[in-house]
Amino acid sequence: MLSVNYGIYTATVTVPAGALPITTTVTLELFGPGHGPVEPLAKRRSTLSLGPGATELAEVQLNTGGEALVLPVRLSLIGVATPAGGTDIRLGGYGSTSGFTDVDTVTLTGNTAAEDESNLYPDASSGADALYVFYEITSGNVQPPPTPVVSISGTNPAPAGAQTQFTATETNGNGFPFLTTAFTYSIDNTQLGSMSSSGLLSAGALDATGNVNAVDQTPARGNPSGQLGIAIGSPQPGNAGDTFTFTGTIMSSDQIFTNLPNPPMAPQVVNGTITLSTTVNSASPSGGSTVNAASVSTENDKYPLETITTTTNTMTAYGLVSGATTVSVLSTDAIDSNNAEYINTYGSGNGLLDVLPETAGAFGPNNAALTYQENDPANYTLTRTIAGDGSYTETDTDAFTNMEYMNGNSDFSGAYDSSAYNGFTFAFTAPSGNPKTITLTTTNENQNPAVVRMYTMLSWIPTTLAHPSVETDTDGGVVAYPGSCSVPAKYGTSGNKIVQSINRADTALGNLETETITTYVNQLYGPVCIVMADNVQTYYDYTLQDGPYSIWVNYASPAEATTLSETLTLSSATTSAGTLGLKRKTTASSALRTSYLPLAFARSRFERTVREHLQKHRLVASHKSASGVHAK
C-alpha cells in the first residue's frame with residue numbers, strides 16, 4: 001500500500017501481488033478538485049462529464065513507472081465526510097475520448113471511501129499517469145455502467161494448417177481496460193478449422209473466411225462480446241479463373257510372349273508428347289465443411305501417326321477434417337476427338353489425392369470403389385462397377401445389342417461370358433491347394449449339347465495380395481525434385497513427394513497390375529510434377545494370336561507385358577501464388593487449392609489409356625470360330 005496526504009485527505013493505492021509484470025516504482029499524487037495535471041477546466045476538463053450535479057472531492061494521479069497493469073489496483077480516499085442522503089460516491093477516470101467516466105463504484109466505511117471493485121466497471125486499471133477523481137453525485141444522476149468494447153487480435157490471415165492464438169481485450173470505451181476478464185472463443189465457419197475455448201485456432205488447410213467470436217463470461221458483466229473477421233491464407237493457390245499448363249511425355253510398351261516356342265516378338269514401343277491445360281470454373285459448398293470445385297481440362301496427346309485431344313470436366317472435393325483438408329476427385333467426364341466418352345464416378349472411400357497441409361507419413365488409403373463407363377461413337381458401351389475391395393462386374397453392349405459380361409470376385413474367382421460372339425463362357429475358381437491352383441471351366445454353347453471342359457493351372461495371383469485391389473498412399477516428406485521432371489526454377493527445387501501405389505488382379509481377364517502415381521508438390525503452386533507408371537502382366541489371351549484357341553493361358557510367365565509411363569511438368573500457372581486475394585474471396589468457398597485438378601484429370605485419363613491397351617486381349621465378333629484352350 002502507498003499513501004499520500006494533501007489537505008484534509010489521504011489517498012492510498014493498494015497494489016495486489018502480480019498486478020505489475022516486473023519490479024517498478026509506483027508514484028501517487030493527490031490534488032484538489034480540478035487541479036490534476038490535465039488542461040485547464042475551461043479548455044478541456046469538465047466535471048459535467050461525470051453527470052449533472054457532480055462535486056469533485058479530490059483528484060489522484062497514478063504512475064506505475066511506464067509498466068502496464070496486469071491486474072487493477074485499489075484506490076481509496078480517507079477523510080471523506082458522510083454525504084447528504086440520496087448522494088453516491090463514485091470513482092471516475094480521465095480517459096482518452098470522453099473526459100471523466102466512472103471506473104468503479106465506491107463504498108464509504110467510516111471516513112474512508114474505497115473502491116468496490118465491481119465487475120461492471122474496469123476499476124483503477126490504468127497506471128500510465130492516469131488521473132482519477134473521487135466525487136459525489138445525486139443518486140438519480142449517476143452514470144450507467146459502461147458498455148464494454150471487446151477487441152480481438154491475432155495473426156490474420158491465419159496460416160493454413162497452423163495453430164494461431166487469438167486474444168481479446170476489453171475497455172470501457174474511454175481508454176480504461178477491464179483487466180479481470182473470462183473470455184471464451186469460437187468461430188462461425190467450420191472451414192476455418194477448429195477453435196479451442198481459450199482462443200487457439202487450429203486452422204484448416206482450405207482457404208476460408210469467417211469470424212472469431214469472443215464472449216466475456218465474467219459474472220454480472222452481461223457477457224459483452226466482440227467479433228473479428230479473419231481468413232485462412234493457404235500456401236496453395238486456387239481461385240475460380242486460375243489456370244495451369246503442364247507439358248510432358250507418354251510412352252507405351254507392349255511385348256507378346258504367346259508365339260513360343262518361336263522367339264518372342266520385340267516390344268512395340270510408342271512415344272508421344274502431351275500438353276495439358278486446366279481452368280478452374282467454379283467452387284461451391286456441397287454441405288457441411290466440404291467445398292466442391294469444377295474445372296475443365298484440355299489435353300493434346302501427340303503420337304507419330306495421330307493427335308488425340310481430350311476435354312474433361314472434373315469435380316473435386318475439398319473437405320475439412322480435424323484441421324486438415326482432404327483433396328479428392330469425385331468424378332471425371334472426358335470426351336476425346338474421336339467422340340469417345342469416358343466417365344469415372346468415384347465411390348465412397350476412393351479418389352483421395354492428398355491431405356493438406358502435407359505431413360510425412362501414410363494417409364488414406366483409398367479403396368477401389370468406382371463406376372467406369374465408356375460410350376463409343378459406334379454405339380458400343382462398357383460399364384464396370386467396382387467394389388471397395390476391387391471385385392467388379394462389367395457389362396459391354398455393342399451397336400447390335402450383343403452383350404458381354406464379366407466379373408471378378410473378392411475371393412479371386414472370376415468369369416467371362418463371351419457367348420454372344422463365339423458361344424464360349426469361361427469360369428475361374430479361386431486359388432486353392434498347395435501349391436495353389438486355379439480351375440478353368442470353358443463351356444461351348446455352340447455345340448449341342450454344350451461342351452464343357454475343365455483345366456487346372458498354377459495360380460498366377462500373388463499370395464501376398466489380400467484383395468483384388470490394394471492401395472497404399474504415402475507422403476514421403478520434402479525431397480528434391482528429380483531431374484527427369486525438369487521443373488522450372490521458378491517453382492523451386494524441392495517439395496513433398498506423394499506416392500500412391502495400387503496392386504490389382506483382374507481374375508476374368510488375367511491381368512496382374514501395379515500402378516504408381518508420384519506427385520511432387522510445391523507449397524505455392526501445388527503439384528509441379530506428376531509421374532505415372534503402370535505395369536501389367538497378362539496371363540490370359542482371348543485374341544487367337546497363338547492358334548485357334550478360345551483362350552491361351554500362360555501361368556508360368558505372362559502372355560504379354562504392357563508398360564505405360566507418363567510424366568507431366570507444370571510449365572506455367574496463373575494463380576494468386578499463395579496470396580490471399582481478399583478482394584476475390586468473399587466466401588469460404590471462393591478459393592481452393594484447385595491446382596490439384598490437373599492431377600485428378602491426369603490420373604483418370606492415364607488409367608483409361610491403360611484400359612485401352614488391355615482391351616486388345618479380349619474377344620471380338622470375328623472370333624466365332626475359336627474353340628478349345630491352349631494352356632502352357
Side-chain angles (χ1 to χ4, degrees), residues 1-3 11-29 36 50 59-77 89-107 113-134 143-154 165-186 196-200 212-228:
M1 178 183 290
L2 178 67
S3 63
T12 66
V13 59
T14 301
V15 182
L20 288 162
I22 63 173
T23 301
T24 186
T25 299
V26 176
T27 60
L28 187 67
E29 295 181 85
L50 300 171
E59 295 182 3
V60 178
Q61 185 176 41
L62 177 67
N63 187 299
T64 55
E67 294 298 322
L69 288 166
V70 178
L71 296 172
V73 297
R74 191 181 189 202
L75 294 174
S76 60
L77 187 66
I89 301 177
R90 293 293 178 101
L91 177 66
Y94 193 80
S96 57
T97 61
S98 303
F100 280 116
T101 52
D102 285 349
V103 296
D104 208 350
T105 56
V106 172
T107 296
E115 284 189 72
D116 292 332
E117 298 184 313
S118 167
N119 281 345
L120 296 177
Y121 297 87
D123 305 340
S125 59
S126 179
D129 289 326
L131 183 66
Y132 296 93
V133 59
F134 285 91
Q143 296 175 321
T147 299
V149 178
V150 176
S151 300
I152 305 172
S153 61
Q165 181 66 53
F166 286 84
T167 58
T169 57
E170 189 174 348
T171 74
N172 69 344
N174 196 25
F176 289 86
F178 287 83
L179 298 178
T180 53
T181 56
F183 285 108
T184 57
Y185 298 82
S186 64
S196 71
S197 60
S198 61
L200 183 63
V212 173
N213 301 296
V215 179
D216 186 1
Q217 307 285 353
T218 301
R221 192 167 290 170
N223 301 119
S225 63
Q227 189 174 79
L228 174 67

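It should be emphasised that the depicted structure is a prediction, and the values quoted were computed from it without experimental measurement. Counting from 1, the numbers follow the sequence of the chain as shown.
Nearest heavy-atom pair across Asn172 and Val103 is ND2-CG1, 4.3 Å. Here the shortest heavy-atom pairing between Pro177 and Pro122 reads O-CB, 3.4 Å. Considering all non-hydrogen atoms of both residues, Ala68 and Pro21 come closest at O-CD, 3.5 Å. The shortest heavy-atom contact between Pro148 and Glu170 is CB-OE2, 3.1 Å. The two residues Ala130 and Ser126 come nearest to each other via the heavy atoms CB-O, 3.0 Å. Considering every non-hydrogen atom in both Arg74 and Ala114, the closest pair reads NH2-CB, 3.8 Å.
When only modelled atom types and interatomic distance are considered, Asp116 and Ser118 share no side-chain donor-acceptor pair under 3.5 Å. Side chains of Thr167 and Ser153: a donor-acceptor N/O pair is present below 3.5 angstrom, by distance only.
A distance of 9.5 Å separates CG of Leu91 from CG of Leu77, quoted to the nearest 0.5 Å. Here the straight-line distance linking atom CG of Asp123 with atom OG1 of Thr180 works out to 6.0 Å at 0.5 Å rounding. Atoms CD and OG, on Glu117 and Ser125 in that order, are 11.5 Å from each other to the nearest 0.5 Å. Between atom CZ of residue Phe183 and atom OG of residue Ser225 there is a gap of 9.5 Å, rounded to the nearest 0.5 Å. Expressed to the nearest 0.5 Å, how far CG of Leu28 lies from CD of Gln61 amounts to 9.0 Å. Thr101 OG1 to Asn174 CG: the interatomic distance, rounded to the nearest 0.5 Å, is 4.0 Å.
A donor-acceptor contact shorter than 3.5 Å is absent between the side chain of Asn213 and the backbone of Gln227. No donor-acceptor pair under 3.5 Å is formed between the side chain of Asp129 and the backbone N or O of Asn63. Between the side chain of Asp216 and the backbone N or O of Thr181 there is no donor-acceptor pair closer than 3.5 Å. Although no hydrogens or angles enter the test, the distance criterion places no donor-acceptor pair under 3.5 Å between the side chain of Thr184 and the main chain of Ser197. Under a 3.5 Å cut-off, the side chain of Glu115 and the backbone N or O of Leu75 do form a donor-acceptor pair.
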Q) Between Phe178 and Arg221, is a side-chain contact (heavy atoms from CB on, under 4.5 Å) present by the stated rule, with each step listed? A) CA-CA 11 Å; Phe178 287 83; Arg221 192 167 290 170; 3.4 Å; yes

Q: Go through Asn119 and Thr218 one step at a time and tell me if the side chain to side chain donor-acceptor pair (under 3.5 Å) criterion holds.
A: CA-CA 7 Å; Asn119 281 345; Thr218 301; over 6 Å; no

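Annotation: side chain of Met1 is not in contact with side chain of Val13 (no heavy-atom distance under 4.5 Å). When side chains are defined from C-beta on, Pro145 counts as touching Tyr121, because their heavy atoms get closer than 4.5 Å. Looking at Leu131 and Phe100, their side chains come closer than 4.5 Å, going by heavy atoms from C-beta outward.
With sequence neighbours left out, Phe176 forms a ring-ring contact (aromatic ring centres under 6.0 Å, His included) with Tyr132. For Leu20, the side-chain contact (heavy atoms from CB on, under 4.5 Å) partners at least two apart in sequence or on another chain are Val15, Thr24, Val26, Thr64, Glu67, Leu69. Take Thr171 and apply the side-chain contact (heavy atoms from CB on, under 4.5 Å) test, not counting sequence neighbours, and it matches Val149. With sequence neighbours left out, Ser151 forms a side chain to side chain donor-acceptor pair (under 3.5 Å) with no residue at all. Checked against salt bridge (Lys or Arg N to Asp or Glu O under 4.0 Å), Asp102 has the following partners two or more places apart in sequence or in another chain: Arg90.
Screening residues 11-23 for side-chain hydrogen bond (donor to acceptor under 3.5 Å, both in side chains), with sequence neighbours left out, gives Thr12-Ser76.
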